[in-house]
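The figures that follow rest on heavy atoms only: side chains count, while hydrogens, waters and symmetry mates do not.
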Amino acid sequence: MHASRSICSRCASQIRSVQTRALGGAALFASLSDANAPSDASNITPDTHQRTAETAKRQPHSNAWASPPKRNTRRNLYRPSGFSKNKPLRPSEDSAIALFKDVVSPQAKTAASQSSSPLGELEIAAKIKELSVKPVDALEKLHVFRQTIWPHLEQFHGRMPKHLSMISTQFLERICDEIAERGLTGHGIELSRLYSGLGRPDLGFRNQLVLNVCHALVFEQRDSAGRAALMDELAGLWKHISQLHRPSQRREPLKFSFPSARDVRQDIAESNATNLHLDPTTRALAALFLQFEPGDARDIIPGLLTTIAVLSDSRFIRTNTYATMAPLLNLVAVALDSNRGAASEAYVSGMFDNHAQLPSAEKMSDIKSYVVQQWPQALEMLHKENPPWRSGSSSSLTTLHSQLRSAYMARDLASMSSIWQEFKRLLETKPELANQLRRSAEFLDFWVFVWCACRRHRHLQETFDFMQQLQIHPTLKTYTGMMHGWKLCKDTDRIEALWQKLAGAGQKLDSHIWTERISSLIEAGKPQAGIEALAEMLALWKQAVQKNVPHTAVQPTIESVNAAFKGLIQVDRKAAFDVLKWAGRENIEPNVRTYNVLIRQAFRDDSPDDVQTLLKVMSEHGIDPDPATFTIILEEVIGRMGEASAADQVEAVHSVFQDIQRAGLRPNQETYGKMLYAVSSLANGSDEAVAAVLTHMRDNTDFKVTPHMVTILIERALGRDPPDMGAIDTLLAGHGFSRVSDGDQTLWERVMSANAITGNTDRAMDIFHDLQKAGRPVTSLPCLTDLLWALLGADKRDEARHVVDVVLDYKTGEGDWDGDFKDERYWRHHFWFLANERGLLEGRELPDVLRASLRG
């Protein structure tokens, strides 16, 4: 519970979107770090003064940051217990800090810089011009550009001089023209990515790449492997196109990042009164590319229409084509369903006449004729009641994947086990599903993560045995998921054992698994090991650069730095900002996740004024806030409102929603849930503020109240004096949760607990029995403790004994969750001591871990 604060309209106004320009991130990090650093002069070394002077030379406009921002001097009430803001790491960790500083020393940086010998602007421009006129073909030019020039362009990190950006852009456009002219394929994705690296999201460039691949598919003779490669290139291009202009996707691997079907429908509906200069079909299809203005999105529509035509042609469809392209096909169907009859052959012909370009007029004419002729079949495919991309084994797999995610989010172990059994049964009845899994093993990777996160080691082994039978080999993504799952349950021993095995096998590791390792160690309370991991990552990279074999190591990224920074800032503020300042020296630029950590820390440091400054810096550097940014702001702003009036609480709720909308974002169900929790957690959280959140969700989305939201409201009702069981029953009935099958495990365990607390033990036991019959016995020990106290208080000893027996039988019998069985914390809970004290364990065979716990 947050302490009372009188911050209402003022707090809300501080988080408005800011349009003014601000200063560099490196200066900001230095200021935020030094503002609370000790003033002991002995901590300032000559090297520190030298770096500060160098920073000042590099940041000529950062005078406003010459002195630290003013701090609020009130006592920080949000600091985690056990840590001081300036508390150093334990003495045993000093060696790790020293190691880190040794590795990232300016001398090492200088040596690495000398080995890579970055070129100046004029030298790079001269090399590009020289390459442009060389008498070699386009593919050779592209290879030379990628290997010898691009690494030097990357040193500008998005702030490339205008003349250099222009000459590089013109070079790639000429390469694209020559590739399309000659019908060369296999390099479209690389060209698209390089073009993005120059800060060019233009869709016209990608349209030409898509048309080139489609022309090769339709009009060139290729063998089966060649057609498969072309279809893979086409899918990859659309994945990259969906990621364009999305800062959060800049460093992500290729994947579809289209908006949801709901967002597409909403955008089309809102466009009825706007963009009247656009054809309705064009405007509808432009909704697939919400990150672009509709007029700009029009440039990719000829390529989109051609792709749909190709996908409706049975000659080019392979086993997994529809499964791969389902995200694209589904949204095209949604867009055209909103405007049936408008996507005529005349419309298709007109789009190619006015908005499509290829260097060869003959190829352009061929594609146009093909798409117009194929278009009736394309529309038939899109408007089928059961289209091919939603049927068959891939659909079954997608459904199970969705069910598993929901079960995991609800921590419903019984449902997870049931889904696993259904999955194995499905494989027996649909053998073709095995081929689907071999081509796309994400579903099995997610199972691996779930079993690790839930400590179900027996099921994890079963999954790996299963993968071996299907000849599916674990990948780095599989191992990264394992680390993430073990991080969630704080199992660092297994994380380190896996890491040692991977490193010992000599397998090249990627930035994702390095980041997961660093994050896992620090969040598990081992900051020393986390810093050592980051230092090791950097040292290996520098060694590889010096030996001129950079491909053998992984360059540290901002995500790796964020992983260390986020964990360290709770332990040692100065060490955390040392990491950020080092990142700046290494030209590793902050991203939105970095700023999210800083924004949350600004609130915790009682410095909400710094939030405005951080938003300014984000605006200056073109970093857009993401949903997490506003989740942090809404939690902190509402949590700080203290004794504010109901009207001020409602105003704050509306203010946060307006800020989200101004940033071009839409709140999701998680946003609404977190806002509801923030309002409900206030000591005087008003009914009006709760109603404001739910009303906004009802009026602006098609979301339904989730079991999680109802659980939050139940907790609120229980917090009243006396607890309001009538309000809880009204909540359940009003939102359609009348049986245990209607909600998740957490909801009904809490409802059982609420009935026990309010003295309705009969109703509490009914829920307990209903969950047991459904194969979902209650396992939450806090809720079971509430039930046990209530039964003992009502002198219902036999029922209390029955509750204890059911829990023991489930945990140690056929339904044993081996993770909990081996987790000593579970068996040290007060529930077991209460049961033992009241004689409810007499005559029972107890697990050794429980016996040891009871003996102390």
Side-chain angles (χ1 to χ4, degrees), residues 33 36 76-101 103 411 449 451-457 479-503 512-538 556 559-580 582-583 593-594 596-598 600-601 603-605 632 781-782 819-820 822-829 849 853:
S33 174
N36 283 324
N76 177 17
L77 298 180
Y78 295 91
R79 193 173 306 128
S81 61
F83 291 117
S84 171
K85 201 161 35 176
N86 299 310
K87 181 180 178 181
L89 294 175
R90 296 186 299 274
S92 61
E93 295 165 359
D94 290 344
S95 59
I97 298 291
L99 170 63
F100 181 78
K101 290 182 177 179
V103 174
R411 301 301 188 270
F449 157 73
W451 296 144
C452 289
C454 296
R455 292 178 179 265
R456 301 197 78 166
H457 313 309
Y479 296 129
T480 304
M482 292 174 70
M483 282 192 174
H484 187 60
W486 285 330
K487 177 179 74 174
L488 295 179
C489 64
K490 302 290 191 296
D491 198 340
T492 54
D493 290 341
R494 282 191 167 84
I495 292 172
E496 278 302 280
L498 175 60
W499 182 265
Q500 295 303 325
K501 183 176 181 181
L502 292 174
H512 297 289
I513 199 165
W514 271 104
T515 300
E516 194 62 51
R517 182 195 180 200
I518 293 166
S519 171
S520 299
L521 292 170
I522 295 179
E523 290 188 27
K526 295 185 177 181
Q528 174 183 2
I531 292 175
E532 287 177 344
L534 181 58
E536 180 187 1
M537 182 183 187
L538 178 67
E559 292 302 339
S560 307
V561 173
N562 287 343
F565 177 60
K566 181 181 177 182
L568 283 174
I569 201 166
Q570 301 298 325
V571 182
D572 188 328
R573 181 187 176 89
K574 187 177 184 304
F577 279 98
D578 281 345
V579 170
L580 278 192
W582 158 75
R593 294 183 180 91
T594 318
N596 286 345
V597 175
L598 288 165
R600 186 178 291 281
Q601 192 63 28
F603 280 115
R604 288 174 176 171
D605 288 341
I632 293 166
L781 293 180
D820 270 348
K822 296 176 182 178
D823 186 357
E824 293 184 6
R825 290 172 298 178
Y826 188 87
W827 301 101
R828 288 200 303 263
H829 193 276
V849 64
S853 177

How would you list, by chain and number, every residue that makes a ring pair (Phe, Tyr, Trp, His ring centres under 6.0 Å) with [X], sequence neighbours excluded?
| X | result |
| --- | --- |
| W514 | W499 |
| Y479 | none |
| H484 | F449 |

Check E496 with R517, please: is the shortest side-chain N to carboxylate O separation under 4.0 Å? yes

Can you tell if the side chain of [X] reaches within under 4.5 Å of the side chain of [Y], non-hydrogen atoms only?
| X | Y | answer |
| --- | --- | --- |
| N562 | E559 | yes |
| I522 | F565 | no |
| D572 | D578 | no |

At what distance, to the nearest 0.5 angstrom, does [atom1] of [X] lie from [atom2] of [Y]?
| X | Y | atom1 | atom2 | value |
| --- | --- | --- | --- | --- |
| K490 | L488 | NZ | CG | 7.5 Å |
| Q601 | I569 | CD | CD1 | 4.0 Å |
| L498 | D491 | CG | CG | 11.0 Å |
| M483 | L502 | CE | CG | 6.0 Å |
| I518 | M537 | CD1 | CE | 6.0 Å |

Where is the tightest heavy-atom contact between S853 and R828, given as atom of each residue plus distance? OG-CG, 3.2 Å

Report yes or no: does T492 contribute a side-chain atom to a donor-acceptor pair with the main-chain N or O of A524 at less than 3.5 Å?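 Not at all, since once roles are kept as given, no pair shorter than 3.5 Å links the two residues.
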
Could you walk me through whether R455 and H457 satisfy the side chain to side chain contact (heavy atoms under 4.5 Å, CB included) test, starting with their C-alpha distance in whole Å, then the side-chain angles of each, then the deciding distance to 0.1 Å, before giving a yes or no? CA-CA 6 Å; R455 292 178 179 265; H457 313 309; 4.1 Å; yes

In chain order, what residues pass the side-chain hydrogen bond (donor to acceptor under 3.5 Å, both in side chains) check against [X], with sequence neighbours excluded?
| X | answer |
| --- | --- |
| S520 | none |
| K487 | E516, S519 |
| W486 | none |

